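Each remark here refers to the structure printed beneath this line.
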Amino acid sequence: LDVPTYTHDQGMPSNTWLVPHQLNKRPSVTVVDSGETVVSGQIEYLDNNNIMITFNAAFSGKAYLN
């Protein structure tokens, strides 16, 4: 079974990431900073295709959704 995934690349440092993923579900989210360290943030599901992740500090990195 091929599970759809999405990788969000946050190139500009920010403490609020808006992630349009088009997966039509509430995916699990793993965030890493530019050094590949896993980071925790507040995840808000805006709808089935958009999430907002808020952090205590601005940084760049990636969000992996599945």
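For clarity, every value in this text was computed on a predicted model and none was experimentally measured.
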Please tabulate, for side-chain N and O atoms in residues 52-66, each donor-acceptor pair with protein atoms closer than 3.5 Å (sequence neighbours left out).
residue: Asn66; atom: OD1; partner: Ser28; partner atom: OG; Å: 2.3

Inset, instruction - Work out which heavy atom in Leu18 is nearest to a heavy atom in Pro20; give both atom names and the distance. - result: O-CD, 3.5 Å
Inset, instruction - With sequence neighbours left out, write down each residue that passes side chain to side chain donor-acceptor pair (under 3.5 Å) with Asn15, or none if nothing qualifies. - result: none
Using distance only, find each side-chain donor-acceptor pair of residues 31-44 under 3.5 Å and give its atom names and separation, not counting sequence neighbours.
residue: Asp33; atom: OD1; partner: Gly35; partner atom: N; Å: 2.9
residue: Asp33; atom: OD1; partner: Glu36; partner atom: N; Å: 3.2
residue: Asp33; atom: OD1; partner: Thr37; partner atom: N; Å: 3.0

Legend entry - His21: partners by side chain to side chain donor-acceptor pair (under 3.5 Å), with sequence neighbours left out: none
Legend entry - Distance-minimising heavy-atom pair for Gln10 and Met12: NE2-O, 2.9 Å
Legend entry - Straight-line distance of Leu46 CG to Arg26 CZ, nearest 0.5 Å: 9.5 Å
Legend entry - Residue list, side chain to side chain donor-acceptor pair (under 3.5 Å) with Asp9, at least two apart or on another chain: none
Inset, instruction - Measure the spacing between CG of Asn48 and CG of Leu23 and express it to the nearest 0.5 Å. - result: 10.0 Å
